[in-house]
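Beneath this line is the structure, given in structure tokens, with notes to follow.
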Number of protein chains: 2
Amino acid sequence: MSKKNSSKPTDGELEILQILWEHGSVSVRFVNDALNEKYPKEIGYTTTLKLMQIMLEKGLVKRNTDSRTHIYSANIEESETQEKLLSQFVDSAFRGSAMKMVMQALGNHEASKKELDEIKALIEKMEKKS
Amino acid sequence: MSKKNSSKPTDGELEILQILWEHGSVSVRFVNDALNEKYPKEIGYTTTLKLMQIMLEKGLVKRNTDSRTHIYSANIEESETQEKLLSQFVDSAFRGSAMKMVMQALGNHEASKKELDEIKALIEKMEKKS
DNA sequence: ATCCTTTTACGAATTTTTTCGTAAATTAAG
DNA sequence: CTTAATTTACGAAAAAATTCGTAAAAGGAT
């Protein structure tokens, strides 16, 4: 039975999770480099390390300590996490109206024909269900 | 010229903004009552007051001090704020893929026929543009 | 006028999140 | 082997966000 942690990862934690989701199993050094590539403001190595150690305690990541450089990977699923974050975000920023948010997102985004087709397909599937 | 504040409102601030966007011009007491109605854990009156005073300094809200009970209202637009928050959220939680997020939102949400029709109309409009 | 309640202002305590300095351990280089 | 570089562990400082206690001011009730 998994203990559900209703508190969401902090911004910093989410940044690291993104890297882990994208790259799988990596060292602290790798994550720190990735962060510093992304941001102008240099982030200290021990800062990243500490954050990842905290995330380990919280169960957000797991690690392999066989070799000296510990190898970390995500311990929560990306899509599940996105689902939770999304619902909280819709509540906090769009007063619970997912549709309002979808409309805003669609309106602001330059969607490709393929993407629009996918959405249309999804909508048709939903219409059949009802 | 409006100074663009790229830092997003905190969770607490956003909660209060929601109430202001929904109800317009209201007192601190009103906001505090609304918050306490929403949450099990009682929030002290002065806590809400202080937060709103800070928001005033930041320019997130404005107030009318003609009468003793000051009347606050939002000083930033809901849709503009939503737009900013949405783009930041897509970046931080969906690695920038708005479409992935839209799909997730559509999939998880029980949409009414009317809502689906609106989206279809929006998609058609977007297809014409391209 | 006096008392009671509400509201504001202010400062500070608390909690959460982020950041980093330092030391010890391990590995790599010469 | 000795030195230098890398990594972990740990604690604590710094920064950001939240919470509240207290006092003074303003109104309302009797």
Side-chain angles (χ1 to χ4, degrees), chain A residues 5-20 25-73 81 85 88 92-93, chain B residues 5-20 25-73 81 85 88 92-93:
Chain A
N5 191 350
S6 97
S7 75
K8 60 181 169 188
T10 68
D11 286 347
E13 288 169 348
L14 197 50
E15 299 253 23
I16 290 176
L17 282 171
Q18 299 277 15
I19 293 167
L20 296 182
S25 298
V26 297
S27 65
V28 174
R29 174 65 58 192
F30 182 92
V31 170
N32 186 245
D33 286 350
L35 289 174
N36 283 326
E37 207 169 303
K38 192 170 172 190
Y39 293 103
K41 177 171 174 287
E42 188 80 2
I43 296 167
Y45 176 82
T46 48
T47 301
T48 304
L49 170 64
K50 180 67 170 187
L51 197 31
M52 292 176 76
Q53 286 171 341
I54 290 171
M55 292 171 76
L56 181 69
E57 282 173 20
K58 292 189 187 173
L60 296 177
V61 300
K62 53 180 184 284
R63 74 178 172 187
N64 179 317
T65 58
D66 288 351
S67 58
R68 183 165 83 105
T69 54
H70 298 177
I71 299 301
Y72 288 77
S73 52
T81 306
L85 290 176
Q88 287 178 43
S92 78
Chain B
N5 193 351
S6 95
S7 76
K8 59 181 172 190
T10 68
D11 286 348
E13 288 169 348
L14 197 50
E15 299 252 23
I16 291 177
L17 282 171
Q18 300 275 16
I19 293 168
L20 297 181
S25 298
V26 297
S27 64
V28 174
R29 173 66 57 193
F30 182 92
V31 171
N32 186 244
D33 286 350
L35 289 175
N36 282 327
E37 208 168 303
K38 191 170 173 191
Y39 294 103
K41 176 173 175 281
E42 187 80 4
I43 296 166
Y45 176 83
T46 48
T47 301
T48 304
L49 171 65
K50 180 67 171 186
L51 197 30
M52 292 178 75
Q53 287 171 339
I54 290 171
M55 291 171 77
L56 181 68
E57 283 174 21
K58 293 190 187 173
L60 296 177
V61 301
K62 52 182 187 282
R63 74 178 174 188
N64 180 318
T65 58
D66 288 352
S67 58
R68 183 164 85 104
T69 53
H70 298 176
I71 299 301
Y72 287 77
S73 52
T81 307
L85 290 175
Q88 287 177 43
S92 77

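Numbered from 1 within each chain, the chains take letters A, B, ... in sequence-line order.
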field: Gap between atoms CG and C1', on B:Asp11 and D:dA17 respectively (whole Å)
entry: 10 Å
task: Could you tell me whether the phosphate oxygens of C:dT19, OP1 or OP2, come under 4.0 Å of any side-chain nitrogen or oxygen in A:Lys41?
output: yes
message: Quick one, A:His70 and A:Leu56 - any side-chain contact, counting heavy atoms below 4.5 Å?
response: no
query: Is B:Ser25 close to B:Asn64 at the side-chain level, that is, under 4.5 Å between some pair of heavy atoms?
result: no
query: Can you tell which of C:dT18, D:dA12, C:dT17 lies closest to the side chain of A:Lys58?
result: C:dT17
- line: Here the distance between atom P of D:dA12 and atom NZ of A:Lys50, to the nearest Å, is 10 Å
- request: Return the value, rounded to whole Å, for the distance between atom CE of B:Met52 and atom P of C:dC10.
  value: 17 Å
Given DNA chain C, 5'-ward residue of the pair A:Glu42 and B:Thr65, judged by closest heavy atom: B:Thr65
query: Roughly, in whole Å, what's the span from CG in A:Asn32 to P in D:dT8?
result: 11 Å
statement: Rounded to whole Å, CG of A:Asn64 lies from P of D:dT7 at a distance of 16 Å
message: Please confirm whether the shortest side-chain N or O distance from A:Thr47 to OP1 or OP2 of C:dT18 is below 4.0 Å.
response: no
Let me check something: any side-chain donor-acceptor pairs from residues 34-51 of chain B under 3.5 Å, sequence neighbours excluded? List them with distances.
{"unit_1": "B:Asn36", "atom_1": "OD1", "unit_2": "B:Ile43", "atom_2": "N", "d": "2.6"}
{"unit_1": "B:Asn36", "atom_1": "ND2", "unit_2": "B:Asn32", "atom_2": "O", "d": "3.3"}
{"unit_1": "B:Asn36", "atom_1": "ND2", "unit_2": "B:Asn32", "atom_2": "OD1", "d": "3.4"}
{"unit_1": "B:Asn36", "atom_1": "ND2", "unit_2": "B:Glu42", "atom_2": "OE2", "d": "3.4"}
{"unit_1": "B:Asn36", "atom_1": "ND2", "unit_2": "B:Ile43", "atom_2": "O", "d": "3.1"}
{"unit_1": "B:Lys38", "atom_1": "NZ", "unit_2": "B:Glu15", "atom_2": "OE1", "d": "3.4"}
{"unit_1": "B:Tyr39", "atom_1": "OH", "unit_2": "B:Glu15", "atom_2": "OE1", "d": "3.0"}
{"unit_1": "B:Tyr39", "atom_1": "OH", "unit_2": "B:Glu15", "atom_2": "OE2", "d": "2.5"}
{"unit_1": "B:Thr48", "atom_1": "OG1", "unit_2": "B:Asn32", "atom_2": "ND2", "d": "2.6"}

message: Please encode protein proximity along nucleotides 3-8 of chain C as a string of B, S and -, counting only heavy-atom distances under 4.0 Å.
response: ---BBB
query: Between D:dT7 atom P and A:Phe30 atom CZ, what is the distance in whole Å?
result: 14 Å
message: I want to check something: taking the side chain as every heavy atom from C-beta on, are A:Ser27 and A:Ile71 in contact at a cut-off of under 4.5 Å?
response: yes
Euclidean distance, atom CG of residue A:Asp66 to atom P of D:dT8 [Å, nearest integer]: 13 Å
- prompt: How long is the line joining NZ of A:Lys8 and P of D:dA17, in whole Å?
  reply: 13 Å
- line: Per side-chain contact (heavy atoms from CB on, under 4.5 Å), A:Tyr72 is matched among A:Lys62, A:Gln53, A:Met55 by A:Gln53
- prompt: Do B:Arg63 and B:Met52 come close enough that some side-chain heavy atom pair is under 4.5 Å?
  reply: no
Minimum side-chain heavy-atom gap B:Leu85-B:Leu14 below 4.5 Å: yes
